[in-house]
Participant: 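One structure coming up, written as structure tokens, with questions to follow.
Letters A, B, ... mirror the listed sequences (proteins, then strands); counts begin at 1.
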Amino acid sequence: MSQRCPECGRSWEDVRRTGRLGCPSCWDSFRSELDQILSDVHGATTHPQLPSAEEQARGLRKAAVEAQLEAALAREDYLEAGRIRDLLKGIEE
Amino acid sequence: MSVPNWLERIGRETVVASRVRIARNVMGTAFRGTVAPQEGRRFCERVLEALKGRHPAFAPLADETSENAAELAGILRIPANFVSGDDPGPWLALEDSGRGALVLDGDHLRLWSVRPGSALAEALEEAGRLEQVAGAILPFCKDSDRGWLTSSPMDAGTGMRASLLLHLPALWASSRMNGVPDAMEAMSHSLRSPWGGSVSGDDAGLVLVTHHGAFGRSEADAILGLVRMATILETHETQARQALLDERAEELEDAVSRSVAVLASARLLSRRELSARTRWISLGARLGWVDPRIAQAAMEAHLRTDDHSLLSRIKGPPEEFVDGLERMRARLTAPLVRQVTGA
């Protein structure tokens with residue numbers, strides 16, 4: 001008989017059949033099996049520690065606005081550059 | 001019935017909408033697969049009660065029996081079974097069609113944001129804000145090695161699924177769409193129908209591009225990859241539009257004019273015909289030949305008449321509704337198009 005998750009009672013066979021884990025504890029109960037799947041599908045078994053989604057999004061927006069600022073300065077459009085700089089300040093705040 | 005906020009991009013832009021969805025689970029509670037319906041319902045009530053009033057997107061609450069919930073589910077392309085009374089979910093906490101939380105959809109919470117146009121960073125920021133608010137009240141499962149724990153190993157890590165809704169009428173009209181989904185797949189992205197399944201010529205030129213899993217890399221990486229894919233598709237769409245103009249200008253002009261006239265006068269319209277006419281009109285709008293509002297009216301009619309399960313709930317028994325669908329589609333389209341053209 002295959003191993004079962006002590007929290008929800010789901011077996012690894014159940015997980016394979018449905019593609020779904022039964023509860024958060026299944027992630028510990030089937031650690032080695034899941035490592036294999038994560039490695040096959042994602043090419044990694046660990047996920048890096050990252051800033052929050054909100055912080056990453058702000059970083060993306062900031063990078064896009066900085067690129068706009070650079071382009072405006074390159075074409076010597078200082079009026080537009082000033083407007084973009086204000087926008088940048090808003091994101092940073 | 002309201003229409004999605006991205007509709008005004010039709011006939012004007014290639015990237016019409018950006019969507020970010022973040023899956024989160026509450027510690028100490030089983031996922032949907034092992035939960036009994038009553039238990040699921042109690043859990044949903046508890047979660048929504050906790051979130052109520054904490055953020056504008058989490059109110060008002062709509063239960064699964066209300067017509068409002070069915071409408072919103074349709075706009076958001078939530079599968080029909082989520083609005084079935086036999087199911088423990090869904091419980092929708094929505095303010096508008098652009099953001100909200102769907103509870104007990106495989107994972108305990110899916111927090112999402114939909115923004116018009118190319119705005120993935122803004123959508124991620126909004127979804128992240130919803131996560132911060134919900135996470136301050138509910139203890140979410142996070143593992144130091146696996147990131148956010150989800151019911152499916154495919155969604156683990158970031159728990160994020162981001163997608164872009166693109167309108168590619170020229171690629172479809174010029175038969176250049178063949179091979180594009182495989183090419184996207186080779187670059188670790190999926191191109192699908194916005195209504196699920198494979199891309200289809202009957203979707204009025206709309207396609208959805210999504211990244212493959214987001215485990216082992218950041219949300220920002222996945223989003224940058226998606227933006228790159230959209231840029232590639234946009235370039236191909238522009239080239240296809242130019243090729244049609246260079247090689248088949250008269251045919252193209254005829255198809256656009258004919259489509260406007262048909263939509264303003266038809267008495268019966270199949271989904272396939274409405275889809276094809278919408279594509280031609282959108283192309284005409286991109287070329288400056290017709291008012292983009294005509295393309296938007298055609299797309300609105302397409303969106304409003306594409307979902308049998310949703311419409312049957314609103315209009316009556318499915319068989320009765322399906323029989324009259326072609327007539328209903330034409331009745332909806334003609335006034336919308338005539339209103340814009342002034343005919």
Participant: Salt bridge or not between B:Arg146 and A:Asp35? Use side-chain N to carboxylate O under 4.0 Å.
Facilitator: yes
Participant: Can you see which heavy atom on A:Ala57 is nearest to which on B:Ala121, and at what distance?
Facilitator: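 A:Ala57 and B:Ala121 have their closest heavy atoms at CB-O, 3.3 Å.
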Participant: Quick one: which of A:Thr46, A:Thr18, A:Asp14 has the most heavy-atom pairs under 4.5 Å with chain B, could you say?
Facilitator: A:Thr46
Participant: Between B:Met154 and chain A, which part of the residue has a heavy atom less than 4.5 Å away: side chain, backbone, both or neither?
Facilitator: both
Participant: Taking C-beta and beyond as the side chain, do B:Asp145 and A:His47 meet within less than 4.5 Å on heavy atoms?
Facilitator: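 No; the side chains remain at least 4.5 Å from each other.
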Participant: To the closest 0.5 Å, what do you measure between CG (A:Asp28) and CG (B:Asp143)?
Facilitator: 6.5 Å
Participant: Below 4.5 Å from any heavy atom of chain B, which atoms of A:Thr45 appear? Answer side chain, backbone, both or neither.
Facilitator: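 A:Thr45 touches chain B through backbone heavy atoms alone.
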Participant: Count the heavy atoms of every other residue, nucleotide or ligand shown that sit under 6.0 Å from CD of A:Glu70, and state whether that count exceeds 12.
Facilitator: no
Participant: B:Glu126, B:Lys142, B:His108, B:Arg217: which one forms the most heavy-atom pairs within less than 4.5 Å of chain A?
Facilitator: B:Arg217
Participant: Heavy-atom cut-off 4.5 Å, strictly under: side chain, backbone, both or neither for B:Leu130 against chain A?
Facilitator: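 B:Leu130 has no heavy atom closer than 4.5 Å to chain A.
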Participant: Checking B:Val26 against chain A: side chain, backbone, both or neither under 4.5 Å from a heavy atom?
Facilitator: backbone
Participant: How long is the span from the OG atom in B:Ser218 to the CD atom in A:Gln56, to the nearest 0.5 Å?
Facilitator: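 Answer for the OG-CD pair, B:Ser218 versus A:Gln56, is 4.5 Å.
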Participant: Between the side chains of A:Arg20 and B:Ser151, does any donor sit under 3.5 Å from an acceptor?
Facilitator: yes
Participant: By a 4.5 Å heavy-atom criterion (distance strictly below it), what part of B:Thr150 contacts chain A: side chain, backbone, both, or neither?
Facilitator: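 Both backbone and side chain.
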Participant: May I ask you to test the B:Glu125-A:Leu60 pair for a side-chain heavy-atom distance under 4.5 Å?
Facilitator: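 No; the side chains remain at least 4.5 Å from each other.
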Participant: Using heavy-atom distances under 4.5 Å, tell me whether B:Glu219 contacts chain A through its side chain, its backbone, both, or neither.
Facilitator: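 Interface part for B:Glu219: both.
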Participant: What residue, out of B:Asn25, B:Thr29, B:Leu124, B:Val20, has the most heavy-atom pairs lying under 4.5 Å from chain A?
Facilitator: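 Most heavy-atom pairs within the cutoff with chain A belong to B:Leu124.
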Participant: So which of A:Glu7, A:Arg31, A:Glu55 has the largest heavy-atom pair count under 4.5 angstrom toward chain B?
Facilitator: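 The option with the most such pairs is A:Arg31.
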Participant: Do you know which of B:Cys141, B:Pro153, B:Ala30, B:Gly213 has the most heavy-atom pairs under 4.5 Å to chain A?
Facilitator: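 Top option by heavy-atom pairs under 4.5 Å: B:Pro153.
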Participant: If you measure from CD1 on B:Ile22 to CD on A:Glu54, what distance do you get to the nearest 0.5 Å?
Facilitator: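 One finds 9.5 Å between CD1 of B:Ile22 and CD of A:Glu54.
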Participant: Do the non-hydrogen side-chain atoms of B:Phe31 and A:Pro24 ever get within less than 4.5 Å of each other?
Facilitator: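 Side chain of B:Phe31 against side chain of A:Pro24, heavy atoms only: contact under 4.5 Å found.
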Participant: Report which part of B:Ala127 has an atom under 4.5 Å of a heavy atom belonging to chain A: side chain, backbone, both, or neither.
Facilitator: neither
Participant: Please look at B:Leu120 and chain A and tell me whether the side chain, the backbone, both or neither of the residue comes under 4.5 angstrom of a heavy atom of that chain.
Facilitator: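 Contact with chain A involves no heavy atom of B:Leu120 at all.
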Participant: Could you tell me the separation between the CE atom of B:Met27 and the OG atom of A:Ser25, rounded to the nearest 0.5 Å?
Facilitator: 11.0 Å
Participant: Do you know which of A:Ile37, A:Leu38, A:Leu34 has the most heavy-atom pairs with chain B at a distance under 4.5 angstrom?
Facilitator: A:Leu38
